[in-house]
Amino acid sequence: MKTARVVVDVPAMQTDRLFDYLIPPKWNDLIAPGMRVIVPFGPRKVQGFVMEISETTEIEKLKEIHTILDLTPVLTKELLDVGNWLTEKTLSFKISALQVMLPAAMRAKYEKEIRLTSNEFLEKLDPVISKWFQINHVVPWEQVEKSNELTLFQKAIQSGSLEVVYKVKDRASKKTVRHVLPVLSKEELMELLKTLPSQAIKQKETIEYFIKKPDSVEIKDLLNIVNGTEASIKTLIKKGVLKQVNVESYRDPFEHHHFEPTTPLPLTKEQTKVITPILQSIEEDQHEVFLLYGVTGSGKTEVYLQSIETVLKKGQEAIVLVPEISLTPQMVKRFKGRFGSKVAVLHSGLGTGEKYDEWRKIHRKEVSVVVGARSAVFAPFENVGIIIIDEEHETSYKQEDNPRYHARDVSIFRGQYHNCPVILGSATPTLESFARTSKDVYKLLTLRERVNDRPLPTVEIVDMREELKGGNRSMFSTSLFEKLNDRLEKKEQSVLLLNRRGYSSFVMCRDCGFVMNCPHCDISLTYHRSSQSLKCHYCAHEIPMLKTCPECDSEHIRFFGTGTQKVEEELTKILPQARVIRMDVDTTSRKGAHERLLNDFGERKADILLGTQMIAKGLDFPYVTLVGVLAADTMLHLPDFRSSEKTFQLLTQVSGRAGRHELLGEVVVQTYTPEHYSIQLASHHDYDSFYQNEMSIRRQHAYPPYYFMALLSISHPEVLKVVEVAEKITSHLRNSLSEQAIILGPVASPIPRINNRYRYQCMIKYKQEPNLTKLLKQILTRYQREISGKGLGLSFDLNPYILM
DNA sequence: AGCACGCCGACT
DNA sequence: GTCGGCGTGCTC
């Protein structure tokens with residue numbers, strides 16, 4: 001008897017294994033690994049993934065598979081392997097590793113209902129609940145739960161009058177458009193034309209259309225052609241002349257976009273040198289990881305495009321990862337312009353349905369290039385010829401919840417599987433990647449020159465302490481103000497970056513120093529101007545803005561920190577004639593708002609673009625000649641060993657936004673710590689020195705890339721319990737790991753409480769611990785009971801990016 | 001995660 | 001004597 005081994009959609013430690021199910025004989029030839037199924041699991045039904053088909057089983061009382069959800073596997077053999085590997089690497093549940101590879105629309109939705117078993121029982125029911133079933137014989141469980149008659153329902157269920165129904169719903173909805181087509185032949189239509197009453201003009205026109213073109217046509221288009229209304233078509237359908245059919249179609253997120261076709265540009269000498277080994281690796285089906293280190297404006301994208309072209313010519317497919325690409329419509333334009341409809345785009349700005357549609361295009365091989373954010377690395381191609389990660393240093397490639405994977409690692413895994421090259425591109429590579437080139441694990445390819453020989457912009461560092469001493473208390477230094485003014489006069493554009501990370505606008509009393517904290521999380525509340533309220537960024541707790549200080553009743557309670565709104569206000573004060581576009585969460589939350597703002601700026605409808613991090617990436621506007629960084633060092637002081645690296649990357653990236661075309665660019669960096677090496681070296685565009693400097697610091701403090709890291713987080717509603725468990729685990733680790741491993745902690749997390757749960761953490765730095773995953777799994781098993789029952793939280797992040 | 005089963009305290 | 005609390009263990 002054929003059985004299927006299934007991973008069920010129950011993310012818990014005890015169910016994190018395969019369950020065997022009988023395959024009903026009618027599906028014997030249909031079923032295959034990688035398909036989604038619905039299976040009975042205990043009293044309910046759940047979604048699951050078929051991992052293997054087997055002829056044998058050790059289980060005696062097998063249940064049958066209830067439904068097959070797919071006709072072709074949604075996960076290829078390779079992706080199932082990727083899933084297993086992810087499970088192992090990130091210590092996540094199998095089900096989570098599988099689900100993360102598919103668009104959200106394919107995840108099941110569960111519904112529980114109470115149903116009247118049969119009409120005859122309606123009278124037997126207690127009158128209190130029988131009225132529930134008078135009209136509808138089915139009632140959603142949520143309503144039952146809310147009612148106060150739970151016991152009555154229970155009794156009715158026991159007696160058999162009512163039953164519990166478990167439903168598994170696919171939320172994937174395929175968009176359909178309505179088409180009509182003629183049922184009659186051409187001759188019959190012509191005959192009909194004669195018999196129509198003379199006032200039925202629209203019907204006549206419609207029939208004439210079909211005589212000329214007897215194919216199915218979208219109703220919307222037909223109405224446009226005959227300039228009619230649906231009424232005429234409805235009558236024709238009623239008369240049996242036409243037939244309506246619903247045709248499956250794709251939602252097209254780029255429906256109203258036109259992409260100018262582009263052709264390959266001639267490569268510079270340097271670009272040619274760089275692309276040669278890549279092409280060779282493609283031709284020879286050799287897996288290799290290349291680090292393409294190229295200064296901003298050195299033409300990395302053209303190298304990508306031409307490499308992809310070679311891959312497509314070979315009949316293979318390409319995956320391109322870009323950071324959060326809704327932010328860089330310009331990037332999409334370049335790919336769509338070169339490869340047209342062969343490109344699918346997967347980015348966070350798309351709705352669930354749109355993502356599902358793009359995914360299906362990939363799955364059906366209707367496209368051969370996918371451009372997308374992190375999760376696009378799981379594109380279900382089967383003949384991948386190249387994987388490209390642009391802006392390799394971006395932290396958004398690391399997923400921060402389970403499974404905590406890094407897209408770079410997945411890319412390399414898939415690259416090995418497909419024997420194809422993986423390209424990591426960046427102007428500021430991570431130290432990890434750059435270090436690997438010196439060990440020859442990755443091949444280094446360098447682009448030192450900018451394409452049109454534009455010099456890199458000059459960078460001026462302004463010491464804001466001096467400005468303050470000189471009596472300038474505004475957030476604009478004299479120099480920046482003068483330069484902004486100068487650009488206004490010259491009708492050139494400026495970009496202002498407010499680095500807000502680690503710089504929230506908290507509320508403080510100026511008289512007693514009281515800071516308003518979240519009552520559930522030990523973190524200050526953030527002021528939101530639009531809603532006049534204070535919000536917690538961790539648990540969404542919200543209170544109205546305070547009028548007086550709760551401690552001392554003073555009215556001098558104000559928010560501190562600088563928001564983009566505040567900068568905008570001050571900007572309009574000092575430069576009233578300037579037209580400013582502000583880009584932050586508030587102005588870009590609406591769909592498409594981001595792109596519209598950028599378009600406006602590109603069309604020079606504004607002089608100054610003011611924004612947060614989101615404007616640092618990939619923007620390319622010819623008239624931008626000035627970039628101002630308002631506070632360069634705000635993230636330098638975060639409790640994160642990568643803060644210098646992040647600062648250097650950010651400054652280098654924004655500097656690259658100025659003077660990309662004919663006009664020369666200039667950058668002003670305002671800071672309170674001008675002497676810091678990451679600011680100094682970024683201002684000289686000196687990555688190499690930064691690398692050397694930072695590496696020696698990393699070595700001194702035993703940080704990556706010299707050591708691997710693992711972060712264990714322990715949380716519980718009671719402090720004492722957290723401390724107890726944290727200490728036990730830490731000492732267990734100290735006893736079990738090798739002498740070389742450095743185990744720090746346990747200490748309270750930088751945010752010691754979130755949602756009324758106290759948080760402790762323990763950090764492991766290690767070089768080689770082959771037993772680490774095994775050990776961590778043991779720890780999980782040991783505390784399993786307390787995790788599922790007693791509110792204990794344990795999470796492990798191997799190679800963490802956020803240390804809070 | 002859900003859900004059933006089962007073993008002890010406060011009620012008709 | 002029963003209803004119902006939630007601890008324990010299972011789901012192919």
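Side chains are part of it too, since the values below use all heavy atoms of this structure and drop only hydrogens, waters and symmetry mates. Proteins come first, then strands; the chains are lettered A, B, ... in the order of their sequence lines, and each starts at number 1.
- Among the heavy atoms of the strands lying under 4.0 Å from A:Tyr166 are primed sugar atoms or P, OP1, OP2 only; no base atom is included.
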Q) Where along nucleotides 3-12 of chain C does protein come under 4.0 Å, by heavy atom, of base (B) or sugar-phosphate alone (S), with - for untouched nucleotides? A) -S----SBBB
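- Classified by interplanar angle (parallel below 30°, tilted 30° to 60°, perpendicular above 60°), the ring pair A:His406/A:Tyr801 is tilted.
- At distances below 3.5 Å, at least one donor-acceptor pair connects side-chain atoms of A:Arg36 with backbone N or O atoms of A:Met106.
- Taking the side chain as every heavy atom from C-beta outward, A:Arg759 and A:Ile751 approach each other to under 4.5 Å.
- A donor-acceptor distance shorter than 3.5 angstrom exists from the side chain of A:Tyr110 to the backbone of A:Gln47, with no hydrogens or angles considered.
- Within 4.0 Å (heavy atoms only), A:Lys112 reaches sugar-phosphate atoms of the nucleic acid but no base atom.
- The interatomic distance linking A:Gln99 (CD) with B:dA1 (P) rounds to 14 Å, in whole Å.
- If you take NZ of A:Lys94 and P of B:dA1, they are 18 Å apart, rounded to a whole angstrom.
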Anything under 3.5 Å between a donor and an acceptor, one on a side chain of residues 774-783 of chain A, the other on a protein residue two or more places apart or in another chain? List them.
| residue | atom | partner | partner atom | Å |
| --- | --- | --- | --- | --- |
| A:Lys777 | NZ | A:Glu88 | OE1 | 3.3 |
| A:Lys777 | NZ | A:Glu88 | OE2 | 3.4 |
| A:Thr781 | OG1 | A:Lys777 | O | 2.7 |

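- The distance between the ring centers of A:Phe641 and A:Tyr707 does not fall below 6.0 angstrom.
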